[in-house]
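Both backbone and side-chain heavy atoms feed into the values below; hydrogens, waters and symmetry mates do not. Letters A, B, ... mirror the listed sequences (proteins, then strands); counts begin at 1.
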Protein chains: 2
Amino acid sequence: MTATQTPAPEADWLRLDRQICFSLHAASRAFNSVYRVILKDLGLTYPQYLVMLVLWEQGDLPVKKLGEHLRLDSGTLSPLVKRLEGAGLVRRERSAHDERSVQVRLTGEGAALRERALQVPRRIMAATGFELTEIGELRERLDRLTAALDTAALEEAPEHH
Amino acid sequence: MTATQTPAPEADWLRLDRQICFSLHAASRAFNSVYRVILKDLGLTYPQYLVMLVLWEQGDLPVKKLGEHLRLDSGTLSPLVKRLEGAGLVRRERSAHDERSVQVRLTGEGAALRERALQVPRRIMAATGFELTEIGELRERLDRLTAALDTAALEEAPEHH
DNA sequence: CACGATTAAGTTGTGCACAACTCAATGGCT
DNA sequence: AGCCATTGAGTTGTGCACAACTTAATCGTG
């Protein structure tokens with residue numbers, strides 16, 4: 001192309017980029033898809049399951065805290081939590097001492113669902129066919145990637161604080 | 001952790017599941033977010049960029065083939081390609097010898113955009129801070145994961161053709 | 001106390017993913 | 001040829017992600 005000799009160095013990078021983009025994108029969707037099937041029994045979507053996992057682990061939380069745990073903003077969480085409320089799994093109550101804040105509380109039904117959810121991880125593990133250690137390594141890499149991307153995102157968008 | 005006595009084995013699995021789910025989910029979104037910023041210059045979304053990468057690499061393709069490369073169905077691709085057409089990057093033409101099929105063709109503008117896209121991968125690499133080899137390893141694991149999940153998905157949904 | 005800035009939640013609008021569906025073109029089979 | 005199953009694209013409806021915005025409560029500082 002434009003280069004002197006070099007066959008097409010930048011073009012190779014594009015090709016590589018396609019492969020990386022695609023791998024992560026596809027893995028995310030494949031994971032999502034397996035969860036979708038398994039979670040259908042519980043009547044939950046994958047993001048709803050994530051919210052429930054946090055609530056089961058941390059107890060009742062305001063929407064803000066939920067968002068911090070999941071890195072999601074109110075634009076995503078508000079309608080999602082509303083659907084969970086519609087399903088009878090949580091209630092939403094404005095906090096007494098701060099009327100801006102809304103507490104998300106597990107209902108009895110929501111808490112009980114945890115028992116049925118206990119079987120989910122085993123089924124997912126079986127679906128991946130991965131060993132525990134391998135999953136751990138993958139997770140470590142992904143977390144490092146996310147951390148790196150997060151700092152990079154801040155630098156790209158020059159709105160410093 | 002869950003040694004000989006195993007205090008609450010299933011609950012630990014739930015906790016682990018939350019970590020894995022979350023890692024992949026978060027990594028995918030973080031990646032998406034960095035691409036969003038970088039691709040804004042090109043006027044492309046992340047999935048639109050994936051489509052363009054395939055077209056630049058493979059040349060004009062029918063929607064069906066595009067979908068096979070990207071594992072996306074017409075429900076996702078039809079409106080996406082229509083938006084690319086609206087942006088003047090591709091044209092859609094019904095195939096002459098099979099009126100069902102629609103060829104997606106790069107316009108001059110669409111082909112030209114590739115030149116500007118050549119800088120994207122370098123910026124992404126810089127954002128991740130990963131070495132090439134490390135990215136390769138990550139990609140290998142993700143692809144294996146996706147493959148395992150895909151077969152598992154078929155077994156879960158017992159619709160054997 | 002007052003007033004401007006900040007904060008939490010929610011709303012609106014756009015785009016993606018996917019299931020379930022429609023519709024027209026094609027191909028196979030008798 | 002005639003009929004029907006299959007195929008490719010598109011549509012509809014639901015839910016998620018996120019940017020940009022609104023609204024109301026709270027906080028900080030003079």
## Note on the structure
Whole-Å distance, B:Arg29 CZ to D:dA19 C1', equals 15 Å
### Task
List for me each residue that meets side chain to side chain donor-acceptor pair (under 3.5 Å) alongside A:Arg116, sequence neighbours excluded, and say none if there are none.
none
### Task
Specify the separation, in whole Å, of atom NZ of B:Lys40 and atom P of D:dC18.
14 Å
### Query
Rounded to the Å, how far apart are B:Arg94 CZ and D:dT7 C1'?
12 Å
### Query
Who passes side chain to side chain donor-acceptor pair (under 3.5 Å) against A:Arg29, sequence neighbours left out?
none
#### Entry: Closest contact, heavy atoms only, B:Thr128 versus A:Ala148
O-CB, 3.1 Å
### Message
Which nucleotide wins on minimum distance to the side chain of A:Ser74, given the candidates D:dG10, C:dA9, D:dA17?
### Response
C:dA9
### Query
Of all residues at least two apart in sequence or in a different chain, which pass the side chain to side chain contact (heavy atoms under 4.5 Å, CB included) check with B:Glu93?
B:Arg91, B:Arg105
### Query
Taking atom P of C:dA25 as reference, at what distance in whole Å does atom CZ of B:Arg100 sit?
10 Å
### Query
How many angstroms lie between CG in B:Leu72 and CG in B:Leu66, if you round to the nearest 0.5 Å?
9.0 Å
### Query
Rounded to the nearest Å, what distance is computed from the CD atom of residue A:Glu99 to the C1' atom of nucleotide C:dA9?
12 Å
## Note on the structure
Contact check, residues 41-57 of chain B vs DNA chain C, heavy-atom distance under 4.0 Å, returns B:Thr45, B:Pro47, B:Gln48
### Task
For A:Arg15, enumerate each residue passing the salt bridge (charged side-chain N to carboxylate O under 4.0 Å, His left out) test, keeping only those at least two apart in sequence or located in another chain.
B:Glu57
### Query
Which residues pass the side chain to side chain donor-acceptor pair (under 3.5 Å) test with B:Arg141, sequence neighbours left out?
A:Glu137
## Note on the structure
Ranking A:Pro62 and A:His25 by the position along DNA chain C of their nearest nucleotide, the one closer to 5' is A:Pro62
### Task
Would you please name every residue forming a salt bridge (charged side-chain N to carboxylate O under 4.0 Å, His left out) with A:Lys64, sequence neighbours left out?
A:Glu68
### For atom CG of A:Leu77 and atom P of D:dA19, their distance in whole Å
14 Å
### Query
Given atom CG of A:Leu80 and atom C1' of C:dA9, what is their separation to the nearest angstrom?
14 Å
### Query
Mapping B:Ser78 and B:Arg36 onto DNA chain D by nearest heavy atom, which one lands closer to the 5' end?
B:Ser78
### Query
Which atom pair, heavy atoms only, marks the closest approach of B:Ala127 to B:Val34?
CB-CG1, 4.1 Å
### Length of the NE2-C1' vector between A:His97 and C:dT7, whole Å
14 Å
### Task
List in numerical order all residues of residues 85-93 of chain A for which some heavy atom is under 4.0 Å away from an atom belonging to DNA chain D.
none
### Message
Going by side chain to side chain donor-acceptor pair (under 3.5 Å), name the residues that satisfy it together with A:Ser23, two or more places apart in sequence or in a different chain.
### Response
B:Asp143
### Query
Looking across every strand, which nucleic acid part, if any, lies under 4.0 Å from B:Ser101 by heavy atom: base, sugar-phosphate, or nothing?
sugar-phosphate
### Query
Does any residue of residues 64-73 of chain A have a heavy atom under 4.0 Å from DNA chain C, and if so, which ones, in number order?
A:Lys64
### Query
Of all residues at least two apart in sequence or in a different chain, which pass the side chain to side chain contact (heavy atoms under 4.5 Å, CB included) check with B:Arg92?
B:Val81, B:Lys82, B:Glu85, B:Val102
### Task
Mind checking B:Asn32 for me? I need base, sugar-phosphate or nothing, with any heavy atom below 4.0 Å counting as a touch.
nothing
### Message
Tell me which pairs pass ring-ring contact (aromatic ring centres under 6.0 Å, His included) where either residue lies in residues 37-85 of chain A, with sequence neighbours left out.
### Response
A:Tyr35-A:Tyr46, A:Tyr35-A:Tyr49, A:Tyr46-B:His25
### Message
Taking any heavy-atom pair under 4.0 Å as a contact, classify B:Pro79: base, sugar-phosphate, or nothing.
### Response
nothing
